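Notes to accompany the following structure.
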Amino acid sequence: MPRDLLTQALSHALTQAQNAGDLPKSAAVEVELQIPRDPRHGDFSSSLAMALASETGRPAREIAETIVRHLDLPADIASSVGIAGPGFINFLLSPVWLRGVVRTALEEGEDYGRSNTGQGKRLLLEFVSANPTGPVAVVQGRAAAIGDALARLFERTGWAVSREYYVNDATNSTQVQRFAETLEARYLQQLGKEAPVPEDGYQGDYVVEMAEQLVAAEGDTYLSMSHEQRLAALSEYCLKEIVSGQQHDMAAFGINFDTWFMESSLHEDDQVSKAVETLKSAGHAYEADDALWLKATDFGDDQDHVLVRRDGRPTYLAADIAYHKNKFDRGFDRLIDIWGPDHQGHVRRTKAGVRALGYDPSRFEILIHQWVRLFRGAEMVRMSKRAGDIVPLSGLIEDVGSDAARFFFLMQSMESHLDFDLELAKKQAADNPVYYVQYAHARICSILREAEERGVSLPNIADVNLDRLEHADELTLIRKLADLPYEVSQAASRYEPHRMTRYARELASTFHGFYTNCRVLSDDADLTAARLALVQAALTALRIALNIIGVSAPEKM
RNA sequence: GCGCCCGUAGCUCAGUUGGAUAGAGCGCGGGGUUGCGGACCCCGAGGCCACAGGUUCAAGUCCUGUCGGGCGUACCA
């Protein structure tokens with residue numbers, strides 16, 4: 001990447017200047033490049049001289065001149081190096097170097113922009129993990145879109161990624177029991193019995209529908225059982241039904257999990273109790289009020305938390321700690337969890353538990369995404385499963401389609417609330433930014449089809465005279481193509497998948513501008529060949545960006 | 001009360017780890033095609049970046065406080 005080459009050259013120039021005595025040897029100054037807001041300032045810019053100015057007390061412009069004098073740039077990379085403003089060192093990439101990007105993109109194809117920062121190390125990405133007490137909701141769709149995009153970003157940066165969905169199917173958990181009691185009531189109601197839904201039960205209509213299906217499938221089989229037997233049978237039944245429903249929801253959204261990890265498997269193998277024992281013997285857990293507590297305050301939390309309840313049942317936290325131990329024990333080098341905003345309070349205690357077990361906290365990251373607020377027109381729709389008014393992801397996909405849903409989920413950073421107006425998303429299908437990007441892709445495909453129909457064969461890149469690419473819109477498009485590798489690496493390392501959505505829109509916009517001003521297929525055979533190469537490179541970059549955000553790239557629309 | 005996130009154009013949001021004159025989409029006003037897809041392109045209007053201090057050569061960005069919104073604050077998950 002040119003950024004790296006220029007950064008290295010600047011660092012080197014600084015050292016040279018210092019060794020030559022032209023600049024004082026000061027404390028470590030980080031050499032970094034920015035992209036100027038105003039393109040007239042060049043492709044890259046460094047404020048290195050200003051940072052040094054305040055340390056050395058010498059004028060920034062003078063320092064900049066000294067550094068530039070010692071600068072030894074790789075051949076052909078920059079067509080100009082300038083000093084501007086208060087002391088910026090600006091670089092303008094040369095057309096020669098830019099044209100090389102087209103060649104690189106075509107030669108590397110779908111691999112363009114890949115890097116190997118992960119060095120093949122194993123990364124476990126856990127996301128969605130909706131409770132098995134209902135269908136996957138819209139807010140979890142956001143987690144799904146974020147998680148899958150991050151997974152693809154990490155795959156592109158050299159990590160061996162596993163996608164995992166954690167199923168809280170422990171039948172003795174409070175939520176599962178509560179759900180089973182609700183289902184029991186609805187089931188009995190279906191059969192004409194008087195049975196109130198528990199006050200803290202699940203109010204959503206989908207439980208009624210489940211009861212209807214249950215009666216249709218199994219009739220009154222459960223009627224003659226005792227309350228306890230019936231609860232056990234029903235919770236087993238509904239866990240199976242709901243999990244398979246969630247698996248169906250994820251498949252419909254194009255998310256393929258490598259593993260659906262069952263919490264129950266932790267309990268069956270005594271992994272939870274063993275983890276608790278380990279904490280206890282290490283002195284990180286203590287008895288109080290007839291319960292067992294994790295001494296989380298020793299590991300950065302502001303309060304301690306119960307691991308084993310007074311009645312002897314382990315808490316969710318205990319299972320979660322055992323679960324993360326299990327992840328590490330499976331040999332993963334790095335763990336990333338993506339959680340919903342309602343789990344924010346659990347971050348510190350879970351990290352504390354993992355640290356208490358002796359694992360390196362830098363290998364474990366929990367990302368919190370914010371809510372999706374659904375609107376029907378001006379009316380906001382609440383989405384708590386426990387409150388009952390759940391909006392399933394499957395409904396959203398039916399309404400606006402998987403592509404639009406994924407694109408919208410990734411249009412803004414995960415820590416921002418997302419307003420999703422269902423009516424607008426349906427009504428304005430034509431104005432939807434996802435179509436704008438897909439249209440650019442279809443347009444390029446159309447050009448390539450047209451070329452074929454006219455008997456213009458696609459050029460072999462080795463035979464193309466790329467020097468014919470000199471129009472401003474051509475070079476602007478190439479600059480955008482050149483950004484892809486950096487965008488991918490940044491989006492991955494900073495957990496910012498929405499950057500790829502922004503990139504895709506910018507790339508599409510840049511392409512549309514090029515298309516308006518530069519005719520691809522013309523009588524000029526050399527120019528046609530060069531532009532066909534450019535257009536194919538743009539196609540490659542668009543496909544990569546769309547692939548990362550999980551949106552299809554249609555050849556016709 | 002405490003913790004996390006948010007507050008930027010009429011609306012929805014970006015803002016490249018603190019850089020030069022704050023951007024995009026939608027909406028609004030005006031223009032553009034005897035051409036490979038007009039689901040496109042170009043121009044314009046529109047901003048005390050919630051407010052007040054502070055740090056810095058430089059603050060939308062960092063720190064402190066205030067105000068407003070969301071969420072959390074269980075021996076639920």
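Fair warning: this is a prediction, and the values are worked out from it, not measured in the lab. A, B, ... follow the sequence lines: proteins, then strands. Residue 1 opens every chain.
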Ion pair check, A/Lys327 and A/Glu126, cut-off under 4.0 Å | yes
Could you tell me whether the side chain of A/Asn90 has a donor or acceptor atom within less than 3.5 Å of a complementary atom in the base of B/rA20?
-> yes
Flag as yes if A/Phe88 stacks onto the base of B/rA20 (centroids under 5.5 Å, planes under 30°), otherwise no.
-> yes
A/His284 and A/Phe299 aromatic centres sub-6.0 Å = yes
Could you check how far CG of A/Asn432 sits from P of B/rC13, rounded to whole Å?
-> 15 Å
Whole angstrom value for the distance that separates P of B/rC36 from CG of A/Leu477 | 20 Å
Residue met sooner reading RNA chain B from 5', once A/Ser46 and A/Thr174 are mapped to nucleotides = A/Ser46
What distance do A/His369 atom NE2 and A/Gln412 atom CD have between them, rounded to the nearest 0.5 Å?
-> 12.0 Å
Do the side-chain N or O atoms of A/Arg37 get closer than 4.0 angstrom to the phosphate oxygens (OP1, OP2) of B/rA20?
-> yes
Atom-pair distance (CZ on A/Arg494; C1' on B/rG15), nearest Å | 10 Å
Give the rounded distance in Å between these two atoms: CE of A/Met411 and C1' of B/rC26.
-> 10 Å
Can you check whether A/Tyr515 has a side-chain N or O nearer than 4.0 Å to OP1 or OP2 of B/rG38?
-> yes
Can you say whether the rings of A/Phe179 and A/Tyr206 are parallel (under 30°), tilted (30 to 60°) or perpendicular (over 60°)?
-> parallel
A/Ser416 side chain near B/rG70 phosphate (N/O to OP1/OP2, under 4.0 Å) = no
Give a yes/no verdict on a cation-pi contact between A/Arg505 and A/Tyr436, requiring under 6.0 Å between NZ or CZ and the six-membered ring centre and an angle within 45° of the axis.
-> no
Among B/rA39, B/rC75, B/rC41, which is the nearest nucleotide to the side chain of A/Tyr439?
-> B/rA39
Taking atom P of B/rC57 as reference, at what distance in whole Å does atom CG of A/Leu48 sit?
-> 17 Å
Carboxylate-amine/guanidinium contact A/Lys295 A/Glu287, below 4.0 Å | no
Ignoring the backbone of A/Gln303, work out which of B/rC40, B/rU73, B/rG19 is nearest its side chain.
-> B/rU73
Under 4.0 Å between a side-chain N/O of A/Arg443 and OP1 or OP2 of B/rG38, yes or no?
-> yes
Take atom NE2 of A/His512 and atom P of B/rU33, then tell me their distance rounded to the nearest Å.
-> 19 Å
Closer than 4.0 Å, any side-chain N/O of A/His498 to the OP1 or OP2 of B/rG15?
-> yes
What integer number of Å spans the P atoms of B/rC28 and B/rG10?
-> 16 Å
In whole angstroms, the gap separating P of B/rC13 from NE2 of A/His369 amounts to 15 Å
May I ask you to verify whether the side chain of A/Ser45 and the base of B/rA20 hold a donor-acceptor pair under 3.5 Å?
-> yes
Going through the checks in order, is the salt bridge (Lys or Arg N to Asp or Glu O under 4.0 Å) test met by A/Arg479 and A/Glu474?
-> CA-CA 9 Å; A/Arg479 284 189 160 87; A/Glu474 292 168 332; over 6 Å; no
Give a yes/no answer on whether the side chain of A/Ser446 brings an N or O atom under 4.0 Å of OP1 or OP2 in B/rG37.
-> yes
Examine A/Arg373 relative to A/Phe420 and say whether NZ or CZ is less than 6.0 Å from the centre of the six-membered ring and inside a 45° cone about the ring axis.
-> no
Choose from B/rC36, B/rU16, B/rA20 the nucleotide whose nearest atom is closest to any side-chain atom of A/Arg3.
-> B/rU16
Where each pair must be Watson-Crick or G-U wobble with both distances under 3.5 Å, what dot-bracket representation of RNA chain B is obtained, with crossing pairs in [ ] and other-strand partners as |?
-> (((((((..((((.....[...)))).(((((.......))))).....(((((..]....))))))))))))....
Proximal nucleotide (of B/rC41, B/rG72, B/rA20) relative to the A/Asp342 side chain | B/rG72
May I ask you to verify if any side-chain N or O of A/Ser47 is less than 4.0 angstrom from the OP1 or OP2 atom of B/rA58?
-> no
Kindly compute the distance separating CG (A/Leu93) from CZ (A/Phe91), expressed to the nearest 0.5 Å.
-> 10.0 Å
Comparing nearest nucleotides in RNA chain B, the 5'-proximal residue of the pair A/Glu450, A/Gln490 is A/Gln490
Closest listed nucleotide, where the reference is the side chain of A/Arg519 and the choices are B/rC36, B/rC71, B/rC40 | B/rC36
Rounded to the Å, how far apart are A/Leu52 CG and B/rG19 C1'?
-> 15 Å
Closer than 4.0 Å, any side-chain N/O of A/Tyr435 to the OP1 or OP2 of B/rG25?
-> no
